[in-house]
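Note that these values count all heavy atoms, side chains included, but never hydrogens, waters or copies made by symmetry. Model, not experiment: these values are computed from the prediction. Every number for a ligand or one of its atoms is a count from 1 in the order of the listing.
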Amino acid sequence: MEKSEVLKKIEELSESLRQHNHNYYIDDNATISDYEFDMLLKELQELEDKFPEFADENSPTKRVGGSITKKFETVIHRYPMLSLSNSYNREELTEFDERVQKLAGKKVEYTCELKYDGVAIGISYKKGRLYRAVTRGDGSKGDDVTANVKTIRSIPLQLKGNFPDDFEIRGEIFYPLSVFSELNEKREKEGDDRLANPRNAASGTLKMHDSKVVASRKLGCYLYYVLGENLPYRSHSENLAAAATWGFKVPKMDKKLFSISNSIDEIFEFIDYWNLERHQLDFEIDGIVIKVNDYDLQEELGFTAKSPRWAIAYKFKAEQAETKLNQITYQVGRTGAITPVANLEPVLLAGTTVKRASLHNADQIEKLDIREGDIVQVEKGGEIIPKVVGVNLAMRSSDSTATHYIEQCPECETDLIRIEGEAQHYCPNSSFCPPQIKGKMTHFISRKAMDIDGLGEETIEQLFEVGLVKNIVDLYDLTAEDLLPLERMAQKSVMNLLEGVENSKQIPFQRVLFGIGIRYVGETVAKKLAKHFKSIDAIVNASFEEMINVDEIGDKIAESLQQYFANEDNRALIYSLKEKGLQMEMEEVESTQVSNVFEGKTFVVSGVFENYSRDGLKKEIEANGGKNVGSISKKTNYLLAGDKMGPAKKEKAESLGVTILSETEFTEMLH
Ligand code: IVH
C-alpha cells in the first residue's frame, strides 16, 4: 500500500470507530457487534504498529490505556472550579428565585439538571482534540488525569462539527451502578474487600497510575457546563445542545435529564419527578441543580467567593424507612472482626427491599440504644449497605430490654477482644474459628494471591465441613483418594485441583505473603515487605523499628505484623508452608532486557530525579536497549536532566544539539 493510502485507511477506520463508539456510548444505540468493532480496532492497531508515523495519540486504539502516570502533575484551573450553594427545602429555592427575579426585573428562564454524585472533571479541548483533563482539587488547582480520562469511552478524544478552537467542558465522572456491583462481585471472588461507595471508588480509579486498569473499569461521564471565550451561544442550554453535536454526552431533554423551566412550579415538578424516579437511574444523584439559563443575567448575578449566585443545588434527603428490628446477629469476618447486623422486617427503601442493615459496632448500638423488637429508622445514604440511624422510642414496648453486646464469638465461643482506640470487637481465635479459617483459605486461593485453579469458595466450604482441611497447610496434603469420594468431585476436577495446588508452589514470595492474610498486609504492602526484607525469616525476625523504616509501612501495619508473628500457631503455619515447598524468599532477578525502545541510543544521566535513583534510571535505560555514557559528546543522543543539574552540562548539550529529556518525557518514551 502507498503511504498516502495507508493514511487514508487509518483515517477512515478511526472515523468509523469513533462513530460506532459514539452510537454505543452516547446514543445508547449499538450499530455494530462487539466482535465487528474489535476487528476494526485490530485492523487499525496493526496499521498503526506498522506505520508508527501515522499513529495519533487520540486514536481510538488509545482507549485501552497503557500509559503509566507516576505522579499526577498539578494544574491551575483556567476558571476556578467552584461549588454550588445547597438548599434542602423548597422555601430556600423560592427565595433564590425571588432574588434572581428582583435583579432581572423580569421573568427568568432556568435550567434544571441532575446533580450527579461523582467526581468533578474539567476537560479542555484545543482545535477539537482533547488536550487535558484535570480534577477539581481544591478548586483553584487540580491533578492532571488526562491519560486516565482518555480511556473513558463516552468522552470524545476528537470532536466533530463546528466547535470553538479552545474551550473547557466540565462534568462528572462516575461508576454506573451496574458496573460498580459487577466490580464488587469480582473483588469478592478474588479475595479483595468490597468497595463501600461508587463515588469514592470512581475517585480512586481516576487516580490510578496504570491507565489500562482504568480502561477496564468502564467509568461513565455526563458533561454539564461549557466554558470559554468564544462559545457559540449566550445561553447555557444552547451551548450544551451545541456540545452534544460536537460529540459530548450531555443531559438531554427527551430523557428528562434536562429541562427549561419558566417558573418555580416547573422547577418543583422536575424535582418531584426525580425524587421518585432517581432509583431507576444506573448512577447516583444527590439532588437537582437549577441554573439561570441566560449568560448576561449570569454575569450580572456574579459569584460569591465559593459559588455562583446564578445557580443552586436542591439536595435530596437521604431516604429513610421505618421497620421492625427482629434480631441482632453478629458476623465474623476473615480477620476476626465482628460486625453486628440488624435483621429487619423487609421494607421498601430507595427502590429495593431491605432485610438487613449495618449496626456498625457496639458503640453505635449503645449510643442509639438500639434493641431487638424496636421500630427503627433505616437510611440509604452514599453507602450501598443501608444503616440503622435511629429508634422510634414512642413505639418501644414496655418489656423491651437493653441490648447486651456479645462477649464471646458466635462461631467458636472464644472471648472477644477490643483493641484500644478501635471501635470493632475481634475474635482472637484466628487459627481455629471456622469463618476465619474459611475466609483465610478463600483469600489464600484467590487470584491475586496463590491463584489456585480448581478451588473455589464452595469447595473450600465442602473440604472444611468434611474435615479434610483445617488450615491452609492442609491443602498441600490433599490426595486423589481423599477427594474422589466427595460430592461433585469427578476425576477431572480432582486432577485440576491437585495440579492447581502443586502449581501454587511456584507463586512468588510477595503473593504468598499477601495470601497468608495478615491484617493490613494487602497486595502493595506485601510487595514492599518482600522487596525490603527478601525472605519470610527476615520479616519474622524484624523489630518494630526495622519495619516502620520501610517505605509506606506505618505503626498500624508494623504492629499487626508483630502481633501476628508473636503467635506461635502462626509461626508454625509459616514453617509448615515452607516445608511444603512454597516460595518464602524473593527471587533475585538480574535486570534483563525488557524492550528495545532505546536500541542504539546513548544517554547521559545527570541531576536528581523524582521517581528514580540515578542508578535506577541507568538500569532502566540498559534494560530497554540503550547505553549509558559518562560525558556529553556529539554522539550522545539524550541528556536525561533531573533537578540540580549543573548549567555547564545543559549548555554543552544545547551547543552540540543533544536532545534534553525531562524525567516525564523519559517515562513517556518508555511507555
Ligand atoms: S454546575 C459553578 N451542574 O456539584 C457551578 N455541577 O456542589 C458549576 N455537580 O462542583 C457546577 N452535577 O462537581 C453543575 N448538573 C450539574 C452538576 C454539578 C453535579 C457537582 C459539581 C460541582 C458540585 C457542587
Answer whether the closest heavy-atom distance between the side chains of Pro232 and Asn162 falls below 4.5 Å.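 The answer is no; the side chains never approach within 4.5 Å.
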Could you tell me whether some N/O pair between [X] and ligand 1 is separated by less than 3.5 angstrom?
X: Tyr225; value: no
X: Leu114; value: yes
X: Glu113; value: yes

Would you please determine whether Pro308 falls within less than 4.0 Å of ligand 1 on a heavy-atom basis?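 Yes, Pro308 has heavy atoms under 4.0 Å from ligand 1.
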Touching ligand 1 at all, Ser83? Heavy atoms, strictly under 4.0 Å?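 Checking ligand 1 against Ser83, which is what was asked, there is a heavy-atom contact under 4.0 Å.
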Specify the closest pair of heavy atoms between Glu73 and Thr664, including all atoms of both residues, with the distance to one decimal.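 Nearest pair, atom of Glu73 first, then Thr664: OE2-OG1, 4.1 Å.
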Ligand-side contact atoms (ligand 1) for residue partner [X], heavy atom cut-off under 4.0 Å:
X: Leu82; answer: 10 (O)
X: Ala120; answer: 13 (O)
X: Arg136; answer: 10 (O)

One residue to check: Leu84. Relative to ligand 1, which of side chain, backbone, both or neither has a non-hydrogen atom less than 4.0 Å away?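 It is both backbone and side chain that touch ligand 1.
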May I ask which of Phe303, Phe258, Tyr116, Trp310 has a heavy atom nearer to atom 19 (C) of ligand 1 than the others do?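 Residue with the shortest heavy-atom distance to the ligand atom: Tyr116.
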Shortest reach to atom 3 (N) of ligand 1 by a heavy atom, considering only Glu172, Lys115, Met81, Lys291: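 When every heavy atom of Glu172, Lys115, Met81, Lys291 is considered, Lys291 comes closest to atom 3 (N) of ligand 1.
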Under the side chain to side chain contact (heavy atoms under 4.5 Å, CB included) test against Ser16, which residue among Leu40, Asn21, Ile32 passes?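 Only match with Ser16 under side chain to side chain contact (heavy atoms under 4.5 Å, CB included): Leu40.
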Closest protein heavy atom to atom 21 (C) of ligand 1, given as residue, atom name and distance to 0.1 Å: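 Looking at atom 21 (C) of ligand 1, the protein heavy atom closest to it is Tyr224 OH, 3.0 Å.
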Quick one, Ile169 with Tyr225, criterion side chain to side chain contact (heavy atoms under 4.5 Å, CB included). Give me CA distance, side-chain angles, the key distance, then yes/no. CA-CA 6 Å; Ile169 192 159; Tyr225 188 21; over 6 Å; no
Apply salt bridge (Lys or Arg N to Asp or Glu O under 4.0 Å) to Lys256 and list each qualifying residue two or more places apart in sequence or on a separate chain.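 Expected list: none.
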Can you tell me how the ring of Tyr222 sits relative to the ring of Tyr116, calling it parallel under 30°, perpendicular over 60° and tilted otherwise?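 Plane angle under 30°, so parallel.
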Does the plane of the ring in Tyr125 sit parallel, tilted or perpendicular to the ring in Phe167? Use 30° and 60° as the thresholds.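 Geometry flag for Phe167 against Tyr125: parallel rings.
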Quick one: do Glu319 and His279 satisfy side chain to side chain donor-acceptor pair (under 3.5 Å)? Show the steps, please. CA-CA 11 Å; Glu319 262 193 71; His279 308 298; 2.4 Å; yes
